[in-house]
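Input: a single structure, listed below in structure tokens.
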There are 4 protein chains.
Amino acid sequence: MATGRRGRPRSTAVDWAVEQATLDLLASAGYHGLTIEAVAARAGVGRPTVYRRWPTKDDLVVDVLSRAVPVMADPDTGDALRDLEVLAAGVLERLVAAGVGPVVLAVLGAAIDRPELASRLAERYLSPRLGVLSEVITRGVRAGQIRDDLDVEVVRDLVLGPLVYRVLLTGRVWNREERTAAMAAVRLAIAAPGAAAPAPPVTGPPRRRRPASSPS
Amino acid sequence: MATGRRGRPRSTAVDWAVEQATLDLLASAGYHGLTIEAVAARAGVGRPTVYRRWPTKDDLVVDVLSRAVPVMADPDTGDALRDLEVLAAGVLERLVAAGVGPVVLAVLGAAIDRPELASRLAERYLSPRLGVLSEVITRGVRAGQIRDDLDVEVVRDLVLGPLVYRVLLTGRVWNREERTAAMAAVRLAIAAPGAAAPAPPVTGPPRRRRPASSPS
Amino acid sequence: MATGRRGRPRSTAVDWAVEQATLDLLASAGYHGLTIEAVAARAGVGRPTVYRRWPTKDDLVVDVLSRAVPVMADPDTGDALRDLEVLAAGVLERLVAAGVGPVVLAVLGAAIDRPELASRLAERYLSPRLGVLSEVITRGVRAGQIRDDLDVEVVRDLVLGPLVYRVLLTGRVWNREERTAAMAAVRLAIAAPGAAAPAPPVTGPPRRRRPASSPS
Amino acid sequence: MATGRRGRPRSTAVDWAVEQATLDLLASAGYHGLTIEAVAARAGVGRPTVYRRWPTKDDLVVDVLSRAVPVMADPDTGDALRDLEVLAAGVLERLVAAGVGPVVLAVLGAAIDRPELASRLAERYLSPRLGVLSEVITRGVRAGQIRDDLDVEVVRDLVLGPLVYRVLLTGRVWNREERTAAMAAVRLAIAAPGAAAPAPPVTGPPRRRRPASSPS
DNA sequence: GAGTAAACGAGACGGTACGTCCTGTCTTGAT
DNA sequence: ATCAAGACAGGACGTACCGTCTCGTTTACTC
């Protein structure tokens, strides 16, 4: 006697069209230029249809980003420090990928004084992505590769923070050399004291030696 | 023979009222809730009067923040690593100070896809503040206290990034223990190899060589 | 070999519920506040079910009114002028009856620039009701009681017009004295020249020759 | 020290454009097809500008009609009954004038279940127009030309009611013959008993004599 | 009885209009 | 020339209904 879902079911084609339109507009007009009206128009959809699914522009954006940015797989190479480098490299890649990085950060920034958006963002976007990182860190701690006197979250901050901060400040990511140097430095900060000698970095040892240069 | 400005001079009282109103509204409604209309109303000022001074909402916000958040003085304790810790502690303080931290980050986030805002922000807000940091780092490198194979900017990212990232993600700052642990870890990442052992924590006697310079 | 209607027959319960809901809403929200959506909701019915029966809101309203306002019976007292007074009194009664009068006039007004509504209104509502009046007038003309140099429609206008106009202007009907005076005046306008002196007022003994017919 | 009106004064050009657009749209789309959005668009005006002046579609319509339909002048021929005929003829003219008649009636109808509209209509439209009629009637009563045992309002109902009722029912006005006949009949209803013999009607005596014909 | 065709409730759909809010510009009279 | 005030064109907001369209379910005729 179970009644099936009543009423006309929502069209998946509409879902798809709206999400696509959102991505297009984010890329072309940026987060602040995104308009429900424009999304609806571009998707060939009535405005109320968008509101039916996403009560807020932010809900829409978070949802779309969650779907558009793939969650990184756990590399699990046996060396947690190397795993972290791989993941960080993945984050860098995503931050430069077509328009997505700026948008994520813009939403992050916008979320700061909008608790609703923040929690939705945390739940739908951040949790799954940071979860992988936490697992790797925990594994590294257990394996004696990562210091056990740092909270998992602190390690996470040390690994991703510098990288994201650069984007936040300048809108651009590290270049190859900066990345290599920074990651090696972070390794020093979080590696367990008695751990094996630092494995050769992902892209060979940088033996740079020049003084600080331009101030951005 | 220089003719003085003709016509009625701009009222400094208006400047003051508008800036105050902006701060109030930022605190109460957040960045996204800030409206030129509301600012003008609260300041008891005509809307065009606001526009006459600041062409956009963002210009206003950046200007107000620049004035409201004091530039930190260079501690110059002789130990660049300790100086960095002091500065980082100062940044943390400012991030939790009444409503200002979230706003700065929200503006940073919003600036990402608005180049005009970004450059104004860099010019008026970031440059003077990050300048102090750069000086300290450069000094530390010269003194053999900070590794010389890292760009100044990378060091800056390593010092401030983790701290800011935490705020960005969670809206909150490190607690005392997290802060101590994280800073010690960062020290490992950036200290020059042969440098002295980690000095006692910041809470010890400052022993500064010269007094802090002018705020603002 | 005529095949009866196939499939599930329309539910008369639905008809009833929708009509009742319409009357309720007309009374509580007026004509302009009447919404198909609200009607369907109040009737506990799907919106398409309403549309299946009545293509437009106006069709629905006209239909409901036609059923709700009973057609007046022909008094047929032998005195056509008195018959007209009785009918006019009936119209007055109906105009003040719970919420129906205003609605009828609102629909009349709305019909003026909507020919479809107008014709449906004429066909379903007005014709049967004005038909009785026409019969009485025609009978009066034949009996030499009503002037024969006036069109039936003009007489009708003279009898009902003043009465309806008052409602249209003020939303209220004549009081007892106004009614008596006005009707007496109208009698002067339409009575055949040689007719008997004005009979005693309506409240006297009816003395009808045949009973009132079906009230539909 | 009286401060003159502050702020930018409202543009009379806007008033004019909006009123013109309203009339155009009333003529082309009718009352029910009138849309604030369309009015604003046609007037080349922002929607809020319309709302600033007229909070409601109905306020707008009433205002526009008040201005568009000229108040009739008091004929004051010395013969109040003739004056009334002239005024009634004027009303007839206005009712057939380009699109205005239907609109007035539609608004009248719509006003019935919207007290706000009704009072605004009464105040701005009806009062000045019916005022002239009242004056003529009062004068006629004083001069012994109109019966003094009828309220002024009842006389008004008797004069205008039949005429308006016909429009309400059929959307059309009396033709020449109907008008002549009806007005002569009304004269019988309201003329004082001892008054001078009925002056020759405005367009000569109709000596019609045919039975009632087509319905409606 | 077993099919089956239509009606049913529910509710999604593309739209249109609503009335509000804010933007950035402009036009006043007054200072 | 600046000020407070406020009107202006424009545009997006989020809501309410419109009339149409699927859905899965129910129901009464027909075979």
Side-chain angles (χ1 to χ4, degrees), chain A residues 1-15 33-41 43-53 55-57, chain B residues 4-11 13-14 33-41 43-53 55-57, chain C residues 3-11 13-14 34-41 43-53 55-57, chain D residues 1-11 13-14 33-41 43-53 55-57:
Chain A
M1 294 285 286
T3 47
R5 208 58 88 254
R6 305 240 264 160
R8 176 176 175 177
R10 292 194 177 165
S11 158
T12 56
V14 165
D15 289 316
L34 190 71
T35 284
I36 297 278
E37 187 143 50
V39 168
V45 146
R47 205 152 19 113
T49 297
V50 178
Y51 282 110
R52 207 180 338 267
R53 291 169 163 74
T56 298
K57 171 173 140 177
Chain B
R5 291 291 184 285
R6 307 237 294 157
R8 173 176 176 177
R10 289 192 179 170
S11 157
V14 165
L34 191 72
T35 283
I36 297 280
E37 184 140 49
V39 169
V45 145
R47 209 149 22 105
T49 299
V50 178
Y51 282 111
R52 201 173 292 123
R53 289 166 163 77
T56 72
K57 167 174 146 177
Chain C
T3 49
R5 291 291 181 284
R6 306 242 291 159
R8 175 178 175 176
R10 291 192 180 167
S11 156
V14 166
L34 192 71
T35 283
I36 296 279
E37 185 141 49
V39 169
V45 147
R47 211 153 15 112
T49 299
V50 178
Y51 281 110
R52 199 173 292 123
R53 290 165 162 77
T56 71
K57 167 174 145 177
Chain D
M1 293 294 282
T3 47
R5 208 61 86 255
R6 304 240 268 160
R8 176 176 176 176
R10 292 194 178 164
S11 158
V14 166
L34 189 71
T35 281
I36 297 279
E37 186 142 51
V39 169
V45 145
R47 209 157 10 124
T49 297
V50 178
Y51 283 112
R52 198 174 294 121
R53 290 168 162 74
T56 297
K57 172 173 140 175

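A note on names: the letters A, B, ... follow the listed sequences, proteins ahead of strands, and every chain is numbered from 1. We use all heavy atoms of the structure for the numbers below, so side chains are in, but hydrogens, waters and symmetry mates are not.
Across all non-hydrogen atoms, the minimal contact from B:Ile36 to B:Lys57 is CD1-CA, 3.9 Å.
Taking atom CD on B:Glu37 and atom C1' on E:dC21, their separation rounds to 7 Å, with Å as the unit. What separates CD1 of C:Ile36 from P of E:dG15 is a distance of 22 Å, to the nearest Å. Atom OH in B:Tyr51 sits about 9 Å away from atom C1' in E:dT25, given to the nearest Å.
Along DNA chain E, the nucleotide nearest to D:Thr56 and the one nearest to B:Ala38 differ in position, and the one closer to the 5' end is contacted by D:Thr56.
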**OP:** Indicate for each nucleotide in nucleotides 8-14 of chain E, in 5' to 3' sequence, whether protein heavy atoms under 4.0 Å reach the base (B), only the sugar-phosphate (S), or nothing (-).
**Re:** BBBBBBB
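A:Val50 is not listed as a side-chain neighbour of A:Arg47, based on a closest heavy-atom distance of 4.5 Å or more.
Within the model, atoms OG1 of A:Thr49 and CG of A:Asp15 stand 10.5 Å from one another, a figure rounded to the nearest 0.5 Å.
Checked against side-chain hydrogen bond (donor to acceptor under 3.5 Å, both in side chains), C:Ser11 has no partners two or more places apart in sequence or in another chain.
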